[in-house]
Structure formats: structure tokens, C-alpha cells
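Right, one structure below, let's go through it.
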Amino acid sequence: MDLETLADSYEASTVAFLDAVASLDPAHLDRRHPDAWSPRQVIHHVADSEAQSYARLRRLLAEQPNPVIQGYDEAAWARSPRLGYKTLPVQPPLAVFAGVRSSSLALIRGLTEGDLDLAGTHSESGAYTVRDWLAIYLEHPREHASQLERAARGEL
């Protein structure tokens with residue numbers, strides 16, 4: 001994919017997630033299958049993941065050569081009562097999601113082909129390039145959008 005197509009796909013993934021959230025009945029934000037996160041938890045997770053992605057992209061672009069890209073334990077974050085995945089409102093994390101995606105999109109639109117090969121080392125998975133970052137964050141919101149759409153239909 002060329003850079004313009006990648007940027008457009010990134011933007012479409014953002015819209016897909018926000019549309020999926022909009023389709024939810026607020027009364028069902030806490031409905032969940034015993035082995036899955038509730039829509040509220042998904043929204044908090046996606047916002048936190050995007051906050052991590054925001055920092056990762058900037059490290060890859062600015063801290064050359066070979067920045068360390070820190071992993072995190074997303075399940076521990078979701079379980080932590082201090083982070084409020086089960087209790088806090090979803091509007092603030094949605095604002096985080098929209099803000100960091102918009103800011104990162106502006107950077108993506110300014111990338112060159114050579115920038116895609118800028119690399120660092122991910123603390124959990126090793127070599128990690130801007131191209132790898134894009135592959136992950138193009139799809140991550142879409143995957144969770146599908147999960148939210150199933151929840152909206154009552155298919156937990």
C-alpha cells in the first residue's frame with residue numbers, strides 16, 4: 001500500500017471504531033460474556049492502547065537510532081480497579097482515542113517511504129518499525145469495532 005492509502009485506511013479505522021461505539025445502547029455498556037470484556041472495558045482498552053501507540057510512533061520518528069518501545073500488560077490494566085475499566089464513563093477515553101488518532105494521522109500523512117523503515121526494539125517482540133506500527137494500529141480499532149458491533153446486536 002502507498003502512504004496515502006495507508007493514511008486513508010488509518011483514518012477509516014478510526015471512524016469505524018467511533019461508529020461502532022455510537023451504535024451501542026448506553027444501557028448495555030456493561031453487558032458481557034463471561035470470557036470477554038464488556039463494551040465499556042473495550043472502549044477503555046482501545047483508548048489506552050492508542051495512548052501507547054501515540055508515544056510509540058513518536059519514539060520511532062524522533063529517538064533514532066533504535067529507541068526502546070515499551071510493551072504493557074493490557075490484561076492487568078483492564079483488571080486494575082484503579083484504572084476504572086469497569087466503572088468510569090466512556091466519554092473521556094473516547095476523547096483520548098479521537099485526539100491521539102487525529103494527531104498520529106497528521107504525522108502519517110507527512111511520512112516518506114523511508115520513514116516506514118525507521119526501527120526500534122519492542123520490549124516484548126524485538127525489532128519494530130514504523131511499518132510494523134502501522135500494520136498493528138490500522139487493524140486494532142477495526143477488530144474492536146467488530147466486537148462492539150456484535151455487542152450492539154446482543155451477540156456477546
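The first residue in the sequence is number 1, and the count goes up from there.
The CZ atom of Arg59 sits 12.5 Å away from atom CD of Gln64, with the distance rounded to the nearest 0.5 Å. One finds the CZ atom of Phe17 at 10.5 Å from the CD atom of Glu149 (value rounded to the nearest 0.5 Å). Note that CD of Glu74 is 10.5 Å distant from CZ of Arg79, once rounded to the nearest 0.5 Å. Interatomic distance, CD1 of Ile136 versus CZ of Arg56, reported as 7.5 Å (0.5 Å rounding). A distance of 11.0 Å separates CG of Leu134 from CD of Glu139, quoted to the nearest 0.5 Å. To the nearest 0.5 Å, the span separating OH on Tyr72 from OG on Ser123 amounts to 12.0 Å.
The heavy-atom pair separating Asp30 from Lys86 by the smallest distance is OD1-O, 3.9 Å. For the residue pair Ala78 and Trp37, the shortest heavy atom distance occurs at CB-CZ2, 3.6 Å. Closest of all the heavy-atom pairs between Glu113 and Asp2 is OE2-CA, 4.4 Å. Across Pro93 and Ala47, no two heavy atoms sit closer than the pair O-CB, 3.2 Å. In this structure, Leu88 and Leu83 approach most closely via the heavy-atom pair CD1-O, 3.7 Å. In this structure, Pro39 and Ala151 approach most closely via the heavy-atom pair CG-CB, 3.8 Å.
A single hydrophobic cluster is not seen to contain both Val15 and Met1; linkage of ILVMFWY side chains at heavy-atom distances under 4.5 Å, directly or through other members, places them apart. By the criterion of side-chain heavy atoms lying less than 4.5 angstrom apart, applied directly or through intervening Ile, Leu, Val, Met, Phe, Trp or Tyr residues, Tyr54 is not grouped with Leu116; the two fall into different hydrophobic clusters. The same ILVMFWY cluster, assembled from side-chain heavy atoms under 4.5 Å apart, contains both Leu6 and Leu61.
Considering only heavy atoms from C-beta on, Trp133 stays 4.5 Å or farther from Ile69 through its side chain. Annotation: side chain of Trp77 is not in contact with side chain of His45 (no heavy-atom distance under 4.5 Å). Looking at heavy atoms from C-beta onward, Tyr128 lies out of side-chain contact with Asn66 at the 4.5 angstrom threshold. Residues Ser13 and Leu138 fail the side-chain proximity criterion, which asks for heavy atoms closer than 4.5 Å. Between Leu18 and Phe97 the shortest side-chain heavy-atom distance falls below 4.5 Å. Considering only heavy atoms from C-beta on, Arg150 comes within 4.5 Å of Ser146 through its side chain. No side-chain heavy atom of Val90 sits less than 4.5 Å from a side-chain heavy atom of Val21.
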Tabulate below the donor-acceptor pairs under 3.5 Å that side-chain atoms of residues 104-112 make, not counting sequence neighbours, or state none.
{"from": "Ser104", "atom 1": "OG", "to": "Arg58", "atom 2": "NH1", "distance (Å)": "3.2"}
{"from": "Ser104", "atom 1": "OG", "to": "Val100", "atom 2": "O", "distance (Å)": "3.2"}
{"from": "Arg109", "atom 1": "NH1", "to": "Asp8", "atom 2": "OD1", "distance (Å)": "3.2"}
{"from": "Arg109", "atom 1": "NH2", "to": "Asp8", "atom 2": "OD1", "distance (Å)": "3.1"}
{"from": "Arg109", "atom 1": "NH2", "to": "Glu11", "atom 2": "OE1", "distance (Å)": "2.9"}
{"from": "Thr112", "atom 1": "OG1", "to": "Gly114", "atom 2": "N", "distance (Å)": "3.4"}
{"from": "Thr112", "atom 1": "OG1", "to": "Asp115", "atom 2": "N", "distance (Å)": "3.2"}
{"from": "Thr112", "atom 1": "OG1", "to": "Asp115", "atom 2": "OD1", "distance (Å)": "3.4"}
{"from": "Thr112", "atom 1": "OG1", "to": "Asp115", "atom 2": "OD2", "distance (Å)": "3.2"}

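With no hydrogens or angles considered, no side-chain donor-acceptor pair links Ser49 and Gln52 at under 3.5 Å. No hydrogens or angles considered: nothing links the side chains of Asp117 and Thr129 as a donor-acceptor pair under 3.5 Å. Using modelled atom types and a 3.5 Å distance limit, the side chains of Tyr85 and Asp48 yield a donor-acceptor pair.
Taking the six-membered ring where the residue is Trp, Tyr137 and His140 present perpendicular rings, their angle passing 60° and hence far from 30°.
Arg32 contributes a side-chain N or O that, together with a main-chain N or O of Ala36, makes up a donor-acceptor pair within less than 3.5 Å. Ser23 places a side-chain N or O within 3.5 Å of a backbone atom of Ala20 that can act as its donor or acceptor partner.
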When you look at Ser9 and Arg142, which way does the side-chain hydrogen bond (donor to acceptor under 3.5 Å, both in side chains) test go after all the steps? CA-CA 10 Å; Ser9 182; Arg142 288 183 206 277; 3.1 Å; yes

Could you check His44 against Gln41 for side-chain hydrogen bond (donor to acceptor under 3.5 Å, both in side chains), going step by step and ending with a plain yes or no? CA-CA 5 Å; His44 282 276; Gln41 290 170 296; over 6 Å; no

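For the pair Arg101 and Tyr10, the cation sits on the ring face: its NZ or CZ lies under 6.0 Å from the ring centre, inside 45° of the axis.
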